[in-house]
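These notes are about the structure you will find just below.
Note: hydrogens, waters and symmetry copies are ignored here, and every other heavy atom, side chains too, is used.
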Amino acid sequence: VSDGNALSPWSGTFSWLGAPSGAGYTSVEYACGTSAGGTFSPAAGVSSCHVDAGLLSDAYLTIRVGANGTTYDITYRASQL
């Protein structure tokens, strides 16, 4: 995830290969920022997002999937990858 910036080591671009699809999925969304969650956008046709994190900040990617009547969130933190 890091973009090599020594003053902001956790800034960078998250990327993914695709989103799940099928009859059971009602939504797939993502949010990128300096905290988990935030403003979600549809993941269809998107394969990356960039976060500019400050010196003491971290970059987060949260994926939200709606399936079978339930919403599931998973969050990735740049410093823990």
Test: side-chain hydrogen bond (donor to acceptor under 3.5 Å, both in side chains). Region: residues 58-74. Which pairs qualify, not counting sequence neighbours? D58-R77, D58-S79, Y60-R77, T62-T75, R64-D73
For F14 and V51, which heavy atoms make the closest approach, and how far apart are they? CE1-CG2, 4.2 Å
Qualifying side-chain hydrogen bond (donor to acceptor under 3.5 Å, both in side chains) pairs with a residue from residues 22-49, counting only residues at least two apart or across chains: none
Over 12 foreign heavy atoms within 6.0 Å of OH, Y76: no
Taking F40 as the starting point, is it possible to reach L61 by hopping between hydrophobic residues whose side chains are less than 4.5 Å apart? no
So which pairs with a foot in residues 10-81 pass disulfide bond (SG atoms under 2.5 Å apart), sequence neighbours left out? C32-C49
Taking side chain as C-beta onward, heavy atoms only, is P20 less than 4.5 Å from V28? yes
